J.: 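If you scroll down you'll find the structure; I have some questions about it.
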Amino acid sequence: MRALSCVLAREGVSDAWFLAPLLRRAVEQLCAEEFDGIVEVLPVMCLDADTQQPAKVIAAAEDVRGTFDVLLFHRDGAPSGKSEEVVRRMRDAWRDLAADEPLVAVVPLRETEAWALADLDALRRVLGLPSVKVAEFAADLRGTVEQLQDPKERLGRLIGAATRTGRSDEHTKFLQDFLERLAEQIEIGRLRKLPAFACWWTDMTNALENLGFRYG
């Protein structure tokens, strides 16, 4: 058995609540499906660094070098021009460092909240929403959740319906508990149908294969 440790440079605190447990589960499933060896995936550690400034991300990563195998770099995809430029600068800076650990970008098409909306059954269970409320949301979708113009607002409405308030930002503890529980229940297979998540899956598979994880 071989252990695998990832660190996550994320945009905001709420992204850590959701993405850290979600990506750990996703990597576990990826290793089980794609590789022959047995891999123990450790909890994803989060870096406290401004993701718009590569130098700060690198400094935070340098502080924990030797404790991780892969650097996951998160940026929301909107606006696309700015996001692509930030990711490019981070990739260039990490390449210049000649680090042994690969960098894998985690870039939802617009906002991370779209991934939180990918499994409506999990949302219903975690929020305790009536089926009719989730059915109304599903009926209002046009295309995939990644095509929503404002997934954060849509998710906020569902949270508001569950908490009887539209001000979900006033309920930090509730939001943290909700995102962590949702991350543990989302069906990874549904996320893999989303283009941006599928792109991450492919990049992560290639990175781990290059590190020799295919055969443990």
Side-chain angles (χ1 to χ4, degrees), residues 1-11 15-16 18-47 49 51 54 57-77 80 83-110 112 114-116 118-119 122 144-146 183-216:
M1 178 183 292
R2 185 174 175 185
L4 169 60
S5 177
C6 301
V7 293
L8 171 67
R10 79 294 186 274
E11 282 196 38
D15 295 313
F18 179 66
L19 286 175
L22 176 70
L23 293 174
R24 176 192 55 77
R25 289 183 57 232
V27 173
E28 282 182 338
Q29 185 165 324
L30 184 158
C31 290
E33 291 185 11
E34 306 287 347
F35 300 151
D36 297 329
I38 299 175
V39 180
E40 178 188 8
V41 181
L42 303 177
V44 174
M45 301 180 293
C46 290
L47 299 178
T51 54
V57 175
I58 288 174
E62 288 280 16
D63 287 342
V64 292
R65 288 289 292 279
T67 67
F68 67 93
D69 301 291
V70 179
L71 171 61
L72 300 168
F73 182 74
H74 164 244
R75 286 295 302 180
D76 281 345
S80 60
S83 176
E84 290 168 3
E85 173 62 17
V86 170
V87 173
R88 184 194 63 76
R89 288 192 289 109
M90 184 63 220
R91 280 179 168 148
D92 288 348
W94 193 250
R95 189 180 302 113
D96 291 343
L97 189 65
D100 293 330
E101 303 88 350
L103 181 151
V104 178
V106 182
V107 187
L109 187 62
R110 286 192 173 87
T112 305
W115 289 2
D119 186 345
T144 71
V145 289
E146 280 204 319
E184 294 292 348
Q185 295 194 38
I186 285 181
E187 185 181 330
I188 302 300
R190 298 193 183 190
L191 282 167
R192 290 181 65 184
K193 295 177 182 178
L194 302 179
F197 191 89
C199 180
W200 169 81
W201 183 282
T202 298
D203 291 347
M204 190 69 180
T205 301
N206 292 336
L208 294 180
E209 185 159 16
N210 290 336
L211 289 174
F213 276 91
R214 176 164 294 280
Y215 301 107

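Source: prediction; values computed, not measured.
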J.: Are any non-hydrogen side-chain atoms of E34 and W201 less than 4.5 angstrom apart?
T.: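 Heavy-atom side-chain distance check passes, below 4.5 Å.
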
J.: Calculate, to the nearest 0.5 Å, the distance between atoms CZ and CD belonging to R192 and E33 respectively.
T.: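 The CZ atom of R192 sits 5.0 Å away from the CD atom of E33.
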
J.: Are V145 and L194 packed together at the side-chain level, in the sense that at least one heavy-atom pair is separated by less than 4.5 angstrom?
T.: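 In short, these two side chains touch, coming nearer than 4.5 Å.
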
J.: Tell me the closest heavy-atom pair linking A61 and F68, and the distance in Å.
T.: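 The answer is O-CE2, 3.7 Å.
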
J.: Check whether any side-chain N or O of R214 sits under 3.5 Å from a backbone N or O of L208 as a donor-acceptor pair, and report yes or no.
T.: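 Here the side-chain-to-backbone pair does not exist.
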
J.: Kindly say whether V104 contributes a backbone atom to a donor-acceptor pair with the side chain of D203 at under 3.5 angstrom?
T.: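 No; zero donor-acceptor contacts below 3.5 Å.
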
J.: Give a yes or no on whether the backbone of F18 and the side-chain of R10 come within a donor-acceptor separation of less than 3.5 Å.
T.: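 Here the side-chain-to-backbone pair does not exist.
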
J.: Just to verify, what does F197 make a ring-ring contact (aromatic ring centres under 6.0 Å, His included) with, not counting sequence neighbours?
T.: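 F197 satisfies ring-ring contact (aromatic ring centres under 6.0 Å, His included) with W115, W200 only.
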
J.: Could you measure the distance from the SG atom of C31 to the CE atom of M204? Nearest 0.5 Å is fine.
T.: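 Here the interatomic distance stands at 7.0 Å.
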
J.: Dump the intermediate steps for salt bridge (Lys or Arg N to Asp or Glu O under 4.0 Å) on R24 and E28, then the final yes or no.
T.: CA-CA 6 Å; R24 176 192 55 77; E28 282 182 338; 3.3 Å; yes

J.: Identify whether the distance between the nearest side-chain nitrogen and carboxylate oxygen of E62 and R65 falls below 4.0 Å.
T.: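 Salt bridge: yes.
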
J.: Do L211 and P102 have side chains that get closer than 4.5 Å, going by heavy atoms?
T.: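 In short, these two side chains touch, coming nearer than 4.5 Å.
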
J.: Between L72 and L19, is any pair of side-chain heavy atoms under 4.5 Å apart?
T.: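 They are not in side-chain contact.
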
J.: If you measure from CD on E187 to CG on D119, what distance do you get to the nearest 0.5 Å?
T.: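 One finds 6.0 Å between CD of E187 and CG of D119.
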
J.: If we ignore hydrogens and angles and just use 3.5 Å, is the side chain of S5 paired with the main-chain N or O of L42 as donor and acceptor?
T.: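 Flag not set: sc S5 to bb L42 has no pair under 3.5 Å.
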
J.: With heavy-atom distances below 4.5 Å as the criterion, would you say the side chains of H74 and P108 are in contact?
T.: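 Yes, close enough: below the 4.5 Å cut-off.
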
J.: Taking the side chain as every heavy atom from C-beta outward, state whether L47 and V64 have any atom pair closer than 4.5 Å.
T.: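 Yes; the side chains approach each other to less than 4.5 Å.
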
J.: E184 and P21: which non-hydrogen atoms are nearest, and at how many Å?
T.: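 Smallest heavy-atom distance, with atoms named: OE2-CB, 3.5 Å.
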
J.: Quick check: do L22 and I188 have side-chain heavy atoms less than 4.5 Å from each other?
T.: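 The answer is yes; the side chains approach within 4.5 Å.
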
J.: Going by an N to O cut-off under 4.0 Å, is there a salt bridge joining D92 and R89?
T.: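 No, no charged N to carboxylate O under 4.0 Å.
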
J.: Ignoring hydrogens, what is the shortest heavy-atom contact between E209 and F35? Give both atom names and the distance.
T.: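 For E209 and F35, the tightest heavy-atom pair comes out as N-CZ, 4.0 Å.
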
J.: Show the nearest heavy-atom pair for residues A118 and L191, with the distance to one decimal.
T.: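 Closest approach of A118 to L191, heavy atoms only: CB-CD2, 3.7 Å.
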
J.: Donor-acceptor check, side chain of E11 to backbone of D76, threshold 3.5 angstrom: yes or no?
T.: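 Yes; at least one donor-acceptor contact below 3.5 Å.
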
J.: First locate atom CD1 of I58, then atom CG of D96, and finally report the distance between them rounded to the nearest 0.5 Å.
T.: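 Answer for the CD1-CG pair, I58 versus D96, is 8.0 Å.
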
J.: Counting N and O atoms only, with roles assigned by atom type, does the side chain of R110 sit under 3.5 Å from a partner on the main chain of E146, one being a donor and the other an acceptor?
T.: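 Yes, the answer is positive, given that a donor and an acceptor are paired below the 3.5 Å cut-off.
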
J.: Indicate the atoms forming the closest heavy-atom contact of T51 with F73, along with that distance.
T.: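 Looking at all heavy atoms of both residues, the shortest contact is O-CZ, 3.3 Å.
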
J.: Hey, is R75 close enough to E85 for a salt bridge, meaning N to O under 4.0 Å?
T.: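 No, no charged N to carboxylate O under 4.0 Å.
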
J.: Quick one, V107 and S83 - any side-chain contact, counting heavy atoms below 4.5 Å?
T.: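 Side chain of V107 against side chain of S83, heavy atoms only: contact under 4.5 Å found.
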
